[in-house]
Amino acid sequence: MALNPRILIVTALVLIAALIRFVDDGLVNVAPVGAIALFGGACFRSRRAALGVTLATMLLSDSMLYLTRYRDWTDDRMVPTLFVYLAFATVVMVGRLLKDRRSVGTIALASVAGSMSFFLISNLAAWAFYPDYSKDFSGLLQCYLAAIPFYRGQSALLNTLLGDLLFNGLLFGSYALLEQRVAALRPESSPVVG
């Protein structure tokens with residue numbers, strides 16, 4: 001049984017984007033992870049494939065990064081990490097809203113929505129599980145405000161937004177170019193994959 005060319009192309013683009021995570025450009029939070037989630041959500045037909053391929057790719061690349069680059073992993077980070085994956089699953093669901101209406105405007109809007117949902121969920125976990133903040137609304141607000149500049153004076157939120165917009169443009173743009181050149185990928189053949 002031959003695999004659907006759309007499944008192969010979308011999976012290949014997701015894996016290629018995941019490899020970009022291994023390039024250390026020094027820009028904090030400018031990474032393809034949010035774009036992988038949004039693109040996977042938009043381009044796989046089934047929710048299971050969208051979540052499965054996206055989260056498996058994230059887990060594999062995270063594992064490789066922690067084995068090769070981030071050797072300071074500790075058990076107390078496991079619960080917040082689960083929230084990071086929940087945040088990416090939410091971005092996949094945002095991508096699902098794009099299935100039949102991919103345009104520059106909807107992709108840009110979904111990219112911003114995905115970035116914001118990731119920011120809100122991941123920092124909610126930081127507030128809930130780390131003792132740095134009081135467990136009230138004031139502590140939650142303090143956590144969100146502290147997360148905006150986050151690291152080395154750079155804006156983690158702004159970098160996330162810019163990175164997501166950049167990588168969503170690359171993923172969706174590459175796929176749109178491939179759709180124009182390969183008949184089996186065109187929406188009239190099959191609107192989405194998997």
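Just so we're clear, the structure is a prediction, and the values are computed from it rather than from any experiment. No hydrogens, no waters, no symmetry mates; every other heavy atom, side chains included, goes into these values.
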Practice item. With side chain to side chain donor-acceptor pair (under 3.5 Å) as the test, would you mind laying out the steps for Ser134 and Asp136 before giving the verdict? Key: CA-CA 6 Å; Ser134 61; Asp136 55 15; 2.7 Å; yes
Check your understanding: Just by distance, with hydrogens left out, do Asp164 and Ser111 show a side-chain donor and acceptor under 3.5 Å apart?
Key -> no
Review point. Judged by atom type as modelled, is there a donor-acceptor pair below 3.5 Å linking the side chain of Ser117 to the main-chain atoms of Gly114?
Key: yes
**Study point:** For Tyr133 against Ala146, the heavy-atom pair lying closest together
**Key:** OH-CB, 3.6 Å
Point to revise | Side-chain donor/acceptor of Thr106 to backbone N/O of Ser103, under 3.5 Å | key: yes
Exercise for review: For Thr57, check side chain to side chain contact (heavy atoms under 4.5 Å, CB included) against everything at least two apart and list the hits.
Suggested key: Val14, Leu15, Ala18, Val53
Practice item. Begin with the C-alpha distance, continue with both residues' side-chain angles, and end with the deciding distance and a verdict on side-chain contact (heavy atoms from CB on, under 4.5 Å) for Gln142 and Asp132. Key: CA-CA 10 Å; Gln142 180 186 12; Asp132 305 346; over 6 Å; no
Point to revise | Arg101 side-chain N/O to Leu97 backbone N/O, donor-acceptor pair under 3.5 Å | key: yes
Practice item. Without swapping roles, check the side chain of Asn123 against the backbone of Ala126 for a donor-acceptor pair under 3.5 Å. Key: no
Check your understanding: Relative to the ring of Phe172, is the ring of Phe39 parallel (under 30°), tilted (30 to 60°) or perpendicular (over 60°)?
Key -> perpendicular
Exercise for review: Could you tell me whether a side-chain N or O of Lys135 sits under 3.5 Å from a main-chain N or O of Trp127, the two making a donor and an acceptor?
Suggested key: yes
**Study point:** Contact summary for Ser122 and Val84, nearest pair of heavy atoms
**Key:** CB-CG2, 4.3 Å
Revision key, fill the gap. Closest non-hydrogen contact found for Phe44 with Arg96 is O-NH1, 2.7 Å
Exercise for review: List in chain and number order the residues that pass side chain to side chain contact (heavy atoms under 4.5 Å, CB included) with Leu109, two or more places apart in sequence or in another chain; answer none if no residue qualifies.
Suggested key: none
Review point. How would you list, by chain and number, every residue that makes a side chain to side chain contact (heavy atoms under 4.5 Å, CB included) with Leu59, sequence neighbours excluded?
Key: Ser63, Tyr85
Exercise for review: Taking Thr90 for its side chain and Leu86 for its backbone only, find out whether a donor-acceptor pair lies under 3.5 Å.
Suggested key: yes
Check your understanding: So, for Tyr144 and Phe119, is the gap between ring centers shorter than 6.0 Å?
Key -> yes
Check your understanding: For Ala42 and Arg102, which heavy atoms make the closest approach, and how far apart are they?
Key -> CB-CD, 4.5 Å
Review point. Is Leu177 reachable from Ile16 through a run of hydrophobic residues whose side-chain heavy atoms are each under 4.5 Å from the next?
Key: no
